[in-house]
Amino acid sequence: MYKNKSYFQAILVLTLFGFIFGCQPQSTEKKVHAPKFKLTASEKFYFNSFVDCNMAEAWIGDTFRIFPGKYGEDPLWGDARDLKFANGRNADEAFSSKKEAFTEPRMPKNVPIGTPGLHGAVWFETVYQDAKDPSGRTLYAVYHNENYPQTLPYDASTGEGYQNSNKWPRGLTGPTSPAAVCRIGIMKSSDGGRSWDNRGLFLEDLNARMILKPHNTSNTFAGGVGDPSAVASGDHLYLFYGEYGYPGEYDSLSYDPAKEWSGQCISVARIRLSDLDNPQGKAKRWDGKNFIRPYNGIGSPIASLQIPRDTGGGPASSPTGGFHWGPSVSWNTYLNCWVMLMGKVEGPSWEGDELYISFNQNQDLGKGDNAQQWSKPKLLVKKPGHILWYPSLQPMNTPEDIANKRTCLKLGKKARLFFKYSDKGEYRSEYTIEFEK
């Protein structure tokens with residue numbers, strides 16, 4: 001009798017457990033497959049011109065053309081005219097160009113304060129090649145733009161610009177230097193990149209979202225959006241970018257580092273390809289469910305790329321860092337998926353000695369939350385004692401890469417890895433990478 005009673009009690013407990021468990025909501029989290037990769041040390045491949053951003057490039061006919069450098073007004077570092085282009089019959093040849101072989105394109109001039117147009121300095125981060133132009137000469141450059149209260153003072157009538165005060169955070173050149181604010185814009189060329197016309201802003205964060213003293217002590221940005229990489233999918237250009245502002249109106253009395261962290265890391269926005277000629281105000285940010293937030297609104301970062309706070313993640317305004325930044329995105333024809341490289345900030349002034357890689361197998365970035373489905377970043381490179389920036393995958397001089405006119409936006413099974421040793425001022429490659437499905 002005792003045995004039978006125990007038996008029926010056990011059956012009852014198991015039945016209730018099964019019922020309760022079966023009524024629980026099941027996880028809807030998607031498992032994102034991460035392909036394998038192998039780095040192989042190669043002969044060091046040094047780049048001979050100034051690089052401080054992603055490498056923008058395109059094939060113009062049978063010419064591989066790259067667009068590194070910086071252009072425009074900068075009261076902190078000095079005005080620059082280092083944005084130049086170089087050519088080659090393949091990627092290796094273009095990247096090997098001597099410094100004197102680079103050509104300065106015709107760029108739009110900076111306009112006076114209070115005048116609509118180009119303010120501050122720009123870096124080309126991605127070149128989108130208009131698929132409707134068979135000549136390949138119609139290009140759209142997605143640029144990183146930096147300003148200060150001195151170059152873009154606050155205009156109450158438009159809400160543009162930044163209010164200068166003794167609470168403005170410190171910049172990179174010393175205690176009295178101001179931090180920059182980054183924005184993202186678009187330029188157009190109709191002659192293969194020999195001359196450019198400024199078309200307007202892609203994204204920006206307004207003054208109310210700037211993070212000031214006493215909380216911003218990272219010696220990086222006061223806020224803003226920057227360090228982007230853009231890829232076309234369907235009818236849109238998708239922009240993956242660093243988000244450095246506060247996800248709401250910054251108030252020193254109610255500031256919350258956990259809230260700041262929650263709205264930062266690598267985010268995504270998009271704009272219709274048909275709007276690239278007149279982009280101002282047309283882009284939409286991801287809000288957590290869809291692309292509906294305005295170009296200067298508050299979006300939602302890609303959750304899988306955020307570093308959890310309990311494992312070292314932190315806000316961009318913190319001197320201890322704890323976030324990924326500087327995405328470089330490409331479509332891989334061998335893996336049939338998107339690949340993203342990124343850096344990691346672990347200290348003030350963009351310090352960090354690690355680079356990471358992530359994958360997204362959804363070719364259509366516009367369907368559902370496909371643009372969010374990135375695998376957890378895996379360590380790609382670690383160089384203790386160094387500061388690593390701007391990783392990117394580049395084509396090689398193989399017959400396959402040349403025949404398929406591959407660029408940093410579209411690659412195959414094997415590619416060359418470039419990144420910048422910021423502490424050395426060197427942009428170089430010392431590895432190739434090979435993928436496995």
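Look at Arg416 and Glu430 and you find no salt bridge, because none of the NZ, NE, NH1 or NH2 atoms lies under 4.0 Å from a carboxylate O. One finds no salt bridge joining Glu426 and Lys44 here, because no Lys/Arg side-chain nitrogen approaches an Asp/Glu carboxylate oxygen to under 4.0 Å. Using a 4.0 Å cut-off between charged nitrogen and carboxylate oxygen, Lys405 and Asp401 do not count as a salt-bridge pair. In summary, Glu400 and Arg406 engage in a salt bridge, as defined by a charged side-chain N under 4.0 Å from a carboxylate O.
Residues His144 and Tyr241 bring no donor and acceptor atom of their side chains to less than 3.5 Å of each other. Defined by atom type and a distance below 3.5 Å, a donor-acceptor pair is present between the side-chain atoms of Asn207 and Gln163. Using modelled atom types and a 3.5 Å distance limit, the side chains of Asp364 and Asn362 yield no donor-acceptor pair.
The aromatic rings of Tyr255 and Tyr246 sit tilted relative to each other, their planes meeting at an angle between 30° and 60°. Using cut-offs of 30° and 60° on the angle between ring planes, the pair Phe221 and Tyr244 is tilted. Ring-plane geometry between Phe419 and Tyr421 is classed as tilted, the angle between the planes lying from 30 to 60 degrees on a 0 to 90 degree scale.
Other residues, nucleotides and ligands contribute only 12 or fewer heavy atoms inside 6.0 Å of the CG atom of Asp235. When the shell of 6.0 Å around CZ of Arg272 is examined, it contains 12 or fewer heavy atoms from other residues, nucleotides or ligands. In the displayed structure, Glu93 atom CD is contacted under 6.0 Å by more than 12 heavy atoms of other residues, nucleotides or ligands. Residue Lys289 qualifies as open at atom NZ: its count of foreign heavy atoms under 6.0 Å is 12 or below. Annotation for Lys167: atom NZ does not count as buried by contact number, only 12 or fewer foreign heavy atoms lying within 6.0 Å. Within 6.0 Å of NZ on Lys382 lie more than 12 heavy atoms contributed by other residues, nucleotides or ligands. No more than 12 heavy atoms of other residues, nucleotides or ligands sit less than 6.0 Å from atom NZ of Lys414. Heavy-atom contacts from other residues, nucleotides or ligands closer than 6.0 Å to NZ of Lys410 number 12 or fewer.
Not one N or O on the side chain of Glu243 forms a donor-acceptor pair closer than 3.5 Å with the backbone of Gly263. For Ser392 (side chain) and Asn54 (main-chain N/O), no donor-acceptor pair under 3.5 Å exists by modelled atom type. A donor-acceptor contact shorter than 3.5 Å is absent between the side chain of His236 and the backbone of Arg270. A donor-acceptor contact shorter than 3.5 Å is absent between the side chain of Asp287 and the backbone of Arg293. At least one donor-acceptor pair closer than 3.5 Å links the side chain of Arg209 to the backbone N or O of Gly297. No donor-acceptor pair under 3.5 Å is formed between the side chain of Ser318 and the backbone N or O of Pro315. Judged by distance alone, the side chain of Glu57 and the main-chain N or O of Val127 form no donor-acceptor pair under 3.5 Å. The backbone N or O of Ser375 lies less than 3.5 Å from a partner atom in the side chain of Ser358, making a donor-acceptor pair. Checking side-chain atoms of Tyr238 against main-chain N and O of Ile271 turns up no donor-acceptor pair under 3.5 Å. Not a single donor-acceptor pair under 3.5 Å links the side chain of Glu354 to the backbone N or O of Val381.
Taking the six-membered ring for Trp, Tyr148 and Tyr162 have ring centres at least 6.0 Å apart. Here the two rings, on Trp325 and Trp350, have centers that are under 6.0 Å apart. For Tyr71 and Trp196, the gap between ring centers reaches or exceeds 6.0 Å. Ring centroids of Phe47 and Phe102 are separated by less than 6.0 Å, placing the two rings close together.
Residues Trp168 and Ala222 approach most closely at CZ2-CB, 3.5 Å, considering heavy atoms. When all heavy atoms of Pro327 and Asp227 are compared, the closest pair comes out as CD-O, 3.3 Å. The two residues Asn296 and Arg285 come nearest to each other via the heavy atoms CA-NH2, 3.9 Å. The two residues Phe85 and Asn87 make their nearest non-hydrogen contact at CD1-OD1, 3.9 Å. In terms of heavy-atom proximity, Glu73 sits nearest to Gly120 at OE2-N, 2.9 Å. Closest heavy-atom contact between Pro228 and Leu239: CB-CD1, 3.5 Å.
Considering only heavy atoms from C-beta on, Tyr427 comes within 4.5 Å of Phe418 through its side chain. Under the 4.5 Å side-chain criterion, counting only non-hydrogen atoms from C-beta, Trp331 is not in contact with Leu409. A 4.5 Å side-chain heavy-atom check between Arg170 and Pro175 finds at least one atom pair inside the cut-off.
If you run side-chain contact (heavy atoms from CB on, under 4.5 Å) between Leu139 and each of Ile60, Asp191, Asp130, only Ile60 comes through.
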Next item on the list: Step by step, work out the side-chain contact (heavy atoms from CB on, under 4.5 Å) result for Ile433 and Ile357.
Entry: CA-CA 11 Å; Ile433 187 169; Ile357 188 169; 4.2 Å; yes
Notebook entry, point to check: Going through the distances and angles, do Asp353 and His386 end up as a side chain to side chain donor-acceptor pair (under 3.5 Å)?
Noted result: CA-CA 5 Å; Asp353 61 6; His386 294 289; over 6 Å; no
Next item on the list: Could you walk me through whether Trp286 and Phe240 pass ring pair (Phe, Tyr, Trp, His ring centres under 6.0 Å), step by step?
Entry: CA-CA 11 Å; Trp286 180 261; Phe240 296 90; over 10 Å; no
Item checked: Derivation of the side chain to side chain donor-acceptor pair (under 3.5 Å) call for Gln372 and Ser304 -> CA-CA 8 Å; Gln372 303 290 304; Ser304 62; over 6 Å; no
Note to self: Could you walk me through whether Phe95 and Ile66 satisfy the side-chain contact (heavy atoms from CB on, under 4.5 Å) test, starting with their C-alpha distance in whole Å, then the side-chain angles of each, then the deciding distance to 0.1 Å, before giving a yes or no?
What the structure shows: CA-CA 8 Å; Phe95 275 73; Ile66 52 177; 3.8 Å; yes
Check: When you look at Tyr143 and Met187, which way does the side-chain contact (heavy atoms from CB on, under 4.5 Å) test go after all the steps?
Finding: CA-CA 7 Å; Tyr143 65 80; Met187 289 192 189; 3.6 Å; yes
Next item on the list: Evaluate the side chain to side chain donor-acceptor pair (under 3.5 Å) criterion for residues Asp133 and Thr138: first the C-alpha distance (whole Å), next the side-chain angles of each, then the deciding distance (0.1 Å), finally the verdict.
Entry: CA-CA 6 Å; Asp133 180 3; Thr138 302; 2.6 Å; yes
Note to self: If you apply the rule side-chain contact (heavy atoms from CB on, under 4.5 Å), what do you find for Arg194 with Arg65, and how did you get there?
What the structure shows: CA-CA 10 Å; Arg194 295 184 178 278; Arg65 186 165 291 165; 3.5 Å; yes
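Residue pairs meeting the side chain to side chain donor-acceptor pair (under 3.5 Å) criterion with at least one member in residues 99-119, sequence neighbours excluded, are Arg81-Glu104.
For Asp52, the side-chain contact (heavy atoms from CB on, under 4.5 Å) partners at least two apart in sequence or on another chain are Phe50, Trp123, Trp389, Tyr390, Lys420.
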